[in-house]
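Here the structure is laid out as structure tokens; the discussion comes afterwards.
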Amino acid sequence: DLARPHLDMQKLPQPGWHLIDVPRYVEGLSVAQSDRPIDVATARGCPFRCAFCYEIDWSGRMYRSRSSEQVIEELRMLADKFGTNHIIIHDDLSIVNKQSKERMLRILSGMNEDGYSTRFTFTYRVDQLRKDVPFAEEMVKYGWYEMRAGVESGSQRILDLMQKDLTVEDVLESARITRDLGIHVQYSFLLGYPEETEDDRRKTVDLCFRLMEINPESRVLPFNIYTPYPGSPQYDDTVKAGFIEPSTLEEWGNYSLQNVNIPWLTNAAKYENMATLSKFAFYSGSTNKVFKGLLTVSYTHLRAHETDSYL
């Protein structure tokens with residue numbers, strides 16, 4: 001029932017961790033012997049207005065969260081029972097206003113006292129980081145280890161079309177701030193957005209290189225290819241531009257951010273190769289130098305065959 005009101009997350013019971021093999025997830029996520037990570041969710045929804053995102057329709061730009069007390073109870077249980085020491089928070093966006101800042105700080109501090117020692121990874125907007133560096137400094141004191149940030153493009157023109165409400169300089173400054181605070185960063189980008197040109201894509205690749213140069217502890221996540229989702233502001237325009245909607249569950253099941261689903265990217269294999277190479281570089285633990293090399297090769301190949309147009 002899409003018309004039903006959103007659930008009150010503070011009235012929900014604790015997640016049923018007893019229903020899954022938690023050690024298997026911990027071992028699968030671990031990147032070092034001392035690393036005991038686990039994924040958790042503490043909030044839903046996002047108040048921002050990115051034109052490619054289904055959340056605007058899905059959550060009505062409403063942010064809802066569990067209380068800090070509920071989250072700390074869950075995280076301490078995971079630490080006591082499974083030895084977790086690295087929490088990867090998979091909220092749509094973990095911090096959106098003053099109240100959510102205070103909530104997050106309580107969670108971080110609650111998991112780094114009374115004998116607990118925990119590192120945290122979560123999503124944070126680069127413009128929010130830039131506006132309140134003292135808050136970031138405080139979070140670092142309580143275990144903030146890694147930031148995930150959706151940048152999506154190195155072109156200010158495309159960022160404005162996406163309604164990201166941030167600037168390229170916000171992105172660059174985030175790399176400087178995180179470098180100075182010792183925070184690792186994972187940046188996400190996408191290719192093939194409507195009206196994107198070769199020059200816009202070049203700016204995206206250049207920005208990736210600049211971020212890795214400014215903060216050597218920053219990584220670029222595997223490139224996504226623009227994929228329209230129902231409910232996103234851009235969806236109807238994409239259909240008008242020739243996008244054919246999946247008609248069966250099987251077709252939706254094959255829908256992927258790593259595959260070309262839009263008609264104006266005629267050289268599908270080139271984009272998919274670029275996404276695949278970036279995925280290989282990221283998950284193989286390649287150094288930034290190797291990643292830059294693979295990205296340069298794939299982008300040069302893409303550019304040599306570029307004929308795509310949304311218009």
Could you check if a side-chain atom of [X] sits within less than 4.5 angstrom of a side-chain atom of [Y], using non-hydrogen atoms only?
X: M212; Y: F209; answer: yes
X: V140; Y: F120; answer: no
X: V185; Y: R219; answer: no
X: I38; Y: F82; answer: no
X: H90; Y: V40; answer: no
X: V126; Y: M147; answer: yes
X: R179; Y: E217; answer: no

Verdict with reasoning, V220 to F189, per side chain to side chain contact (heavy atoms under 4.5 Å, CB included): CA-CA 8 Å; V220 174; F189 291 88; 3.9 Å; yes
Donor on one side chain, acceptor on other, [X] and [Y], under 3.5 Å:
X: S100; Y: N97; value: yes
X: T42; Y: R103; value: yes
X: E251; Y: S247; value: yes
X: Q156; Y: D160; value: yes
X: Y63; Y: E55; value: no
X: Y142; Y: T118; value: no
X: Q10; Y: Q70; value: no

Practice task
Assess whether atom CZ of R106 is packed by more than 12 heavy atoms of other residues, nucleotides or ligands within 6.0 Å.
Solution key: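 Yes, CZ of R106 has more than 12 neighbouring heavy atoms, counting only those of other groups under 6.0 Å.
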Q | Heavy atoms from other residues, nucleotides or ligands near CZ of R44 exceed 12 (cutoff 6.0 Å) | A |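 Counting neighbours around CZ of R44, 12 or fewer heavy atoms of other residues, nucleotides or ligands fall under 6.0 Å, so no.
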Is the shortest distance from a Lys or Arg side-chain nitrogen in [X] or [Y] to a carboxylate oxygen in the other one below 4.0 Å?
X: D165; Y: R49; answer: yes
X: D199; Y: K203; answer: yes
X: D35; Y: R119; answer: yes
X: D132; Y: K101; answer: yes

Measure the spacing between [atom1] of [X] and [atom2] of [Y] and express it to the nearest 0.5 Å.
X: M62; Y: H6; atom1: CE; atom2: NE2; answer: 5.0 Å
X: I72; Y: E74; atom1: CD1; atom2: CD; answer: 11.5 Å
X: T84; Y: R76; atom1: OG1; atom2: CZ; answer: 12.0 Å
X: L190; Y: M162; atom1: CG; atom2: CE; answer: 4.0 Å
X: N215; Y: H184; atom1: CG; atom2: NE2; answer: 8.0 Å

Between [X] and [Y], does the ring centre distance come in under 6.0 Å?
X: W144; Y: F122; result: yes
X: Y255; Y: Y229; result: yes
X: Y193; Y: Y226; result: yes

(message) For Y124 and L93: C-alpha separation, side-chain torsions, deciding distance, then whether side chain to side chain contact (heavy atoms under 4.5 Å, CB included) applies.
(response) CA-CA 6 Å; Y124 197 24; L93 191 62; 5.6 Å; no
Identify the two heavy atoms, one from C50 and one from K164, that lie closest to each other, and give their separation to 0.1 Å.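 For C50 and K164, the tightest heavy-atom pair comes out as SG-CD, 3.5 Å.
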Does Q258 form a side chain to side chain contact (heavy atoms under 4.5 Å, CB included) with N224? I'd like the steps, not just the answer.
CA-CA 6 Å; Q258 301 294 306; N224 291 320; 3.1 Å; yes
